Amino acid sequence: MKNGIKRREKILKILLESDEPVSGAKFAKNFGVSRQIIVQDIALLRASNHDIISTHTGYILEEEGSNQRVFKVKHSSKKMLDELNIIVDAGGIVEDEFVYHKLYGVIRVEMNVKSRRDAKKYVEDVNGDVSLPLEEITSGYHYHTVKADNEETLDVIQEDLQKNGYLVALRDYEPVDFWSNVE
């Protein structure tokens, strides 16, 4: 019991000090436990009100007080890298991609893309997989939650996405609050 508590304290410390996601496999190796134990530790930390996000490259601790905005965009899968680069070049972090499907509701995937390198890796991972990109189920329409240090940076990102023809208007059937069950 004490080992688990100490391990979770160390996991939090590592996440707080890390500038990039830390994989479950790396935690498991560092602590000499299975990856499943780390998954359980992360679940316990989340249950203790620690906002830990899982990304395709590892775990990160959500920073408090950050500014964020949801952008609705449309493009082909060939433009994915360009769109992500516009956001990160302006100082944004692409937290997620999601679609709003009339029948299924919100379908979301966490991204945590902070740099051109992250964007390139994400696009390579999507293109290397046997699955289609999420926006393919909605004819290229999708959304990103973008985080930035300040509202001015989010304004620049919005202007750049608009200028490059990526931003699109909401439809009548789309809820304003994507995360609630009330329309």
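Side chains included, hydrogens not; waters and symmetry mates left out as well; all remaining heavy atoms used. Predicted model, so just to flag it, every value in this text is computed and none were measured.
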Rounding to 0.5 Å, atoms CE (M80) and CG (D82) come to a distance of 12.0 Å
Picking from D41, N30, L61, L44, what satisfies side chain to side chain contact (heavy atoms under 4.5 Å, CB included) with I11?
D41
Reported NZ-to-CD1 distance for the pair K147 and I87, which is rounded to 0.5 angstrom
14.0 Å
Looking at the rings of F98 and H142, which for Trp means the six-membered one, are their centres under 6.0 Å apart?
no
Quiz question: by atom type and distance under 3.5 Å, do the side chains of D160 and Y166 form a donor-acceptor pair?
no
Side-chain heavy atoms nearer than 4.5 Å, only ILVMFWY residues, links allowed to pass through others: does that put V70 and V156 together?
no
For the atom pair CG (N85) and NZ (K79), what is the distance rounded to the nearest 0.5 Å?
12.0 Å
Worked check of side chain to side chain contact (heavy atoms under 4.5 Å, CB included) between Q158 and L167
CA-CA 8 Å; Q158 185 168 331; L167 281 186; 3.6 Å; yes
Give, for atom CG of L84 and atom CG of D118, the distance between the pair rounded to the nearest 0.5 Å.
10.0 Å
List the steps, then state whether side chain to side chain contact (heavy atoms under 4.5 Å, CB included) holds for Y59 with I38.
CA-CA 11 Å; Y59 297 107; I38 298 300; 4.3 Å; yes
Side chain to side chain contact (heavy atoms under 4.5 Å, CB included), paired with I60, selected from I52, I93, L15, I53
I53
E17 and K13: salt bridge (charged side-chain N to carboxylate O under 4.0 Å, His left out), yes or no, with the steps?
CA-CA 6 Å; E17 295 172 353; K13 185 177 186 315; 2.7 Å; yes
Over all heavy atoms of both residues, which pair between N112 and P21 is shortest? Give the atoms and the distance, please.
ND2-CG, 3.4 Å
Examine the side chains of E83 and H75 and answer whether a donor and an acceptor come within less than 3.5 Å of each other.
yes
Below 4.5 Å, heavy atoms only, C-beta onward: do Q68 and E95 meet side chain to side chain?
yes
When rounded to the nearest 0.5 Å, the distance separating NZ of K29 from OG of S23 is 10.0 Å
Donor-acceptor contact below 3.5 Å, side chain K114 vs main chain D19
yes
Under the side chain to side chain contact (heavy atoms under 4.5 Å, CB included) rule, what do Y141 and V99 come out as? Steps first, then yes or no, please.
CA-CA 7 Å; Y141 290 97; V99 296; over 6 Å; no
Is V168 reachable from F71 through a run of I, L, V, M, F, W or Y residues, each pair having side-chain heavy atoms under 4.5 Å apart?
no
If the test is side chain to side chain contact (heavy atoms under 4.5 Å, CB included), which one of T145, I157, D155, V146 qualifies with R69?
D155
Run I42 and R8 through side chain to side chain contact (heavy atoms under 4.5 Å, CB included) and show every step you take.
CA-CA 8 Å; I42 296 294; R8 287 186 288 280; over 6 Å; no
A quick test of your reading: do over 12 heavy atoms of other residues, nucleotides or ligands sit less than 6.0 Å from CZ of R35?
no
Quick one: does Y122's side chain get under 4.5 Å of V94's, heavy atoms only?
no
H144 (side chain) donor-acceptor with D96 (main chain) under 3.5 angstrom
yes
Rounded distance (nearest 0.5 Å) linking atom NE2 of H50 with atom CG of L16
9.0 Å
